[in-house]
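Structure first, then comments.
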Amino acid sequence: MIGSNFEYLEVYFASYQVVLEYAFKLAEKERVILAIDEYPYVARASKSLASTLQMLIDKYKDTSKLMLILCGSSMSYMEDYVLAIERRG
């Protein structure tokens with residue numbers, strides 16, 4: 001996404017919140033698909049990422065056409081923290 005919009009210029013964002021808000025705002029004008037691969041690793045490295053995502057989803061839910069795809073190979077993390085599925089014993 002960033003490369004195609006900036007013709008492969010190197011672009012740096014100050015934080016995850018800044019880049020995510022940029023994606024949500026861009027998606028107010030056109031459909032944007034944002035995929036974050038290995039989300040559990042990113043979320044563990046940035047403890048505020050989940051709350052930042054939730055805040056931005058709440059803020060832009062009525063105006064943004066962003067399709068957010070969170071991928072991860074850690075099934076337990078994805079179930080517990082992303083899907084909030086209760087484990088049944």
Side-chain angles (χ1 to χ4, degrees):
M1 177 184 91
I2 301 301
S4 65
N5 286 329
F6 291 102
E7 298 180 13
Y8 301 102
L9 295 175
E10 289 187 30
V11 177
Y12 297 94
F13 294 92
S15 67
Y16 285 118
Q17 182 170 344
V18 173
V19 71
L20 290 168
E21 186 135 22
Y22 171 81
F24 275 93
K25 285 181 180 178
L26 181 65
E28 288 181 314
K29 299 175 189 154
E30 61 184 307
R31 168 65 86 187
V32 172
I33 300 171
L34 174 61
I36 301 176
D37 193 16
E38 294 301 342
Y39 176 76
Y41 295 109
V42 179
R44 285 184 191 116
S46 173
K47 299 294 182 194
S48 65
L49 181 59
S51 60
T52 297
L53 272 173
Q54 187 61 61
M55 181 267 301
L56 292 171
I57 289 168
D58 291 343
K59 181 177 178 179
Y60 290 99
K61 68 179 181 243
D62 296 325
T63 60
S64 183
K65 300 175 189 120
L66 181 71
M67 179 182 289
L68 179 61
I69 302 169
L70 303 177
C71 306
S73 57
S74 172
M75 287 296 291
S76 62
Y77 186 94
M78 297 299 283
E79 289 174 352
D80 294 344
Y81 297 100
V82 178
L83 300 175
I85 294 174
E86 195 175 312
R87 290 202 177 268
R88 294 175 176 85

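Computed from a prediction, not measured in an experiment: that's the story for all the values here. Heads up: numbering here begins at 1 and tracks the sequence.
Distance NZ/Lys29 to OG1/Thr63: 12.0 Å, rounded to 0.5 Å. Between atom CD of residue Glu21 and atom CZ of residue Phe13 there is a gap of 11.5 Å, rounded to the nearest 0.5 Å. Between the CD atom of Glu38 and the CZ atom of Arg44 there is a distance of 9.5 Å, given to the nearest 0.5 Å. Taken from OH in Tyr39 to CD1 in Ile69, the straight-line distance is 14.5 Å, to the nearest 0.5 Å.
Of the possible donor and acceptor atoms, none in the side chain of Thr52 sits under 3.5 Å from a partner among the backbone N and O of Gln17.
Just one residue in the list Leu66, Ile57, Leu56 forms a side-chain contact (heavy atoms from CB on, under 4.5 Å) with Leu20, and that residue is Leu56.
Contact detail for Pro40 and Cys71: the closest heavy-atom pair is CD-O, 3.8 Å. In terms of heavy-atom proximity, Leu34 sits nearest to Ala23 at CD2-CB, 4.2 Å.
Counting heavy-atom neighbours within 6.0 Å of Met67 CE, excluding the residue itself, gives a total of 12 or less.
Placement of Tyr41 and Leu70 in two distinct hydrophobic clusters is found when ILVMFWY residues are connected by side-chain heavy-atom separations under 4.5 Å, directly or transitively.
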Worksheet item: Could you walk me through whether Ile36 and Tyr16 pass the side-chain contact (heavy atoms from CB on, under 4.5 Å) check?
Response: CA-CA 12 Å; Ile36 301 176; Tyr16 285 118; over 6 Å; no
